[in-house]
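Report on the structure given below.
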Amino acid sequence: MNGADTAWIIVATALVLFMTLPGLALFYGGLVRARNVLSVFMQTYAIACLMSVLWLAFGYSIAFGNDGGASSVWGGLGKMFLAGVTADSLSGTLPEVLFFAFQMTFAIITPALIVGAYVERIGFGFVLLFSGLWMLLCYAPVVHWIWGGGMMADGGIFGEIGVRDFAGGIVVHETAGLAALIIAVMLGARRHRTTPPHAPWMVMIGAAMLWVGWFGFNGGSQLAADGGAAMALTVTHISAATASLTWALWERIKYGKASLVGLVTGTIAGLASITPASGFVGPVEALIIGAIAGILCQEAVNVVRNMLNIDDTLDVFAVHGVGGIFGTIMIAVFGQGTWVAQLGSLAVVGLFTLVVTVVLVKVVSFITPLRVDEETEVNGLDLEVHGERAYDTAS
């Protein structure tokens, strides 16, 4: 065990959990109407709790178990409930239980990202049942394929050089982004789509927390306290800052004004886009990735909202999905991965996510309602579903 590596990953684990609670909760909560803010908090918080238990029970074993051997499609169930893992067990230079905890925070935030697609109209029971099954049946297998030594790693289906995804462009952002888009289509639009965010200040605070937490997300994925972690952290920051500026500039050019919500959404676009490449590129490449991401993801928002008329409410696919896919491709552009592995993995994981998500939405909706009734949606989920309200007055 390496003490420095262990200390850094303990910090990184806390930072990644901080991304969901409270970062993502505040970011999403500020974007919805005042009568639905507590429902967003409830969904993200409950997902964090449920994924933690399911990751312990089955998820970690499916993702990082070795029952299937090299080039396998899943890790098996040999490490259910951390069977065989003690305080002295090692994963590289780290205690395995710490590696488990670090990866658990990724399993928490990935289904939590999907929340942004269905806020203000989703059944709470559906959120929990779908998120739990999706994490186990979609997210965990993809983790195994790419990070767990499975079929897309080096020596797998793409040859000697497997897919390069440092911190989750495919594993986290493509899977969550595509699932969000699919649910938005199957769920249908809100009855009031044009209501502006009720608390832009809350959005900014949440985005700032996500930015800080992302240092653990990307820097921690080095799994060591070394120069590679420092470089991943640095390029993450550069991409986020650059994308924030290009998003705001593009808004100013197109609409005559740059908004706070736009500026901080650009931050998230830059963070998502650099994530898969953060272990493979330097500051100049990060500058390029961020500069493009701020404009690319903003145009993706326009395509999804206005051209395709899909109510992906908080733009999960346009920001996270498109950003993650873009960053994954840029790894090949900069010569740090093969085109076959990068594009092939995007296609295979995309198709897998599509099939699993559609099937789960259909199955879970037979068990618990997908969408709340019209009265609940009009009155707001906070009061109707959870019996609470965030403010004395509601927008």
Side-chain angles (χ1 to χ4, degrees), residues 9-10 12-25 28-29 38-67 74-87 89 91 94-116 118-119 122-144 147-148 168 171-172 175-176 179-180 183 213 216-217 220 353 356-357 359-361 363-365 367-368 370 385-386:
I9 302 305
I10 288 173
T13 300
L15 285 170
V16 182
L17 180 61
F18 184 71
M19 290 173 68
T20 305
L21 304 173
L24 188 69
Y28 280 171
L38 295 184
S39 71
V40 175
F41 291 170
M42 185 74 172
Q43 289 161 14
T44 52
Y45 207 103
I47 284 174
C49 297
L50 180 60
M51 296 313 111
S52 301
V53 174
L54 292 177
W55 187 250
L56 169 66
F58 308 111
Y60 179 71
S61 187
I62 294 170
F64 293 104
N66 50 22
D67 287 6
W74 80 318
L77 297 176
K79 290 189 175 182
M80 287 192 308
F81 296 96
L82 288 182
V85 177
T86 69
S89 303
S91 177
L94 304 173
E96 186 174 3
V97 69
L98 176 58
F99 178 74
F100 158 84
F102 180 67
Q103 292 296 336
M104 177 178 65
T105 60
F106 281 65
I108 287 169
I109 197 169
T110 306
L113 289 174
I114 304 172
V115 168
Y118 53 60
V119 289
I122 195 81
F124 183 62
F126 180 90
V127 170
L128 293 185
L129 184 55
F130 171 84
S131 297
L133 291 173
W134 186 88
M135 190 276 284
L136 293 174
L137 300 177
C138 184
Y139 173 78
V142 172
V143 172
H144 182 73
W147 292 341
V171 175
V172 175
T175 59
I183 293 177
F217 198 84
T353 303
V356 173
T357 303
V359 170
L360 284 180
V361 171
V363 171
V364 174
S365 62
I367 301 170
T368 183
L370 170 61
V385 177
H386 304 295

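Below, all heavy atoms of this structure are taken into account, side chains as well, without hydrogens, waters or symmetry copies. Throughout, residue positions are numbered sequentially from 1 according to the sequence presented.
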Looking only at heavy atoms, the pair that brings Thr105 and Thr13 closest together is CG2-O, 3.5 Å
Not counting sequence neighbours, which residues clear side-chain contact (heavy atoms from CB on, under 4.5 Å) with Ala179? List them please.
Ile114, Trp134, Thr353, Thr357
Considering residues at least two apart in sequence or located in another chain, which fulfil the ring pair (Phe, Tyr, Trp, His ring centres under 6.0 Å) criterion with Phe217?
Phe106, Trp214
Please tabulate, for side-chain N and O atoms in residues 17-25, each donor-acceptor pair with protein atoms closer than 3.5 Å (sequence neighbours left out).
none

One should read off an interatomic distance between Leu82 CG and Ser89 OG, to the nearest 0.5 angstrom, of 9.0 Å
Rounded to the nearest 0.5 Å, the CG atom of Leu15 sits from the CD1 atom of Ile10 at a distance of 12.0 Å
Please assess His386 against Leu38 for the test side chain to side chain contact (heavy atoms under 4.5 Å, CB included), listing each intermediate value before the final yes or no.
CA-CA 8 Å; His386 304 295; Leu38 295 184; 5.7 Å; no
Separation of Met42 CE from Thr44 OG1 (nearest 0.5 Å)
10.0 Å
Work out which heavy atom in Val172 is nearest to a heavy atom in Thr175; give both atom names and the distance.
O-OG1, 3.0 Å
So which atom in Gly168 and which in Trp147 form the shortest heavy-atom distance, rounded to 0.1 Å?
N-CZ2, 3.3 Å
Acceptor/donor pairs from residues 51-62 side chains to any protein atom, 3.5 angstrom cut, sequence neighbours excluded:
| unit_1 | atom_1 | unit_2 | atom_2 | d |
| --- | --- | --- | --- | --- |
| Ser52 | OG | Ala48 | O | 2.7 |
| Trp55 | NE1 | Phe100 | O | 3.3 |
| Tyr60 | OH | Glu96 | OE2 | 2.7 |
| Ser61 | OG | Gly76 | O | 2.8 |
| Ser61 | OG | Gly78 | N | 3.2 |
| Ser61 | OG | Lys79 | N | 2.9 |

Of all residues at least two apart in sequence or in a different chain, which pass the side-chain contact (heavy atoms from CB on, under 4.5 Å) check with Ala14?
none
What's the shortest heavy-atom distance between Val127 and Ser131, and which atoms?
O-OG, 2.6 Å
Could I get the full list of side-chain hydrogen bond (donor to acceptor under 3.5 Å, both in side chains) partners for Thr368, not counting sequence neighbours?
none
Considering non-hydrogen atoms only, spot the tightest contact between Ile108 and Ile47 and give its length.
O-CG2, 3.9 Å
With sequence neighbours excluded, what pairs up with Leu128 under the side-chain contact (heavy atoms from CB on, under 4.5 Å) test?
Ala46, Leu50, Phe124
What residues, two or more places apart in sequence or in another chain, satisfy side-chain contact (heavy atoms from CB on, under 4.5 Å) together with Leu370?
Ile122, Phe126, Leu187, Val361, Ser365
What residue pairs, at least two apart or across chains, pass salt bridge (Lys or Arg N to Asp or Glu O under 4.0 Å) with a residue in residues 41-60?
none
Steps toward side chain to side chain contact (heavy atoms under 4.5 Å, CB included) verdict (Gln103, Phe64):
CA-CA 10 Å; Gln103 292 296 336; Phe64 293 104; 3.6 Å; yes
Does the ring center of Tyr28 lie less than 6.0 Å from the ring center of Phe41?
no
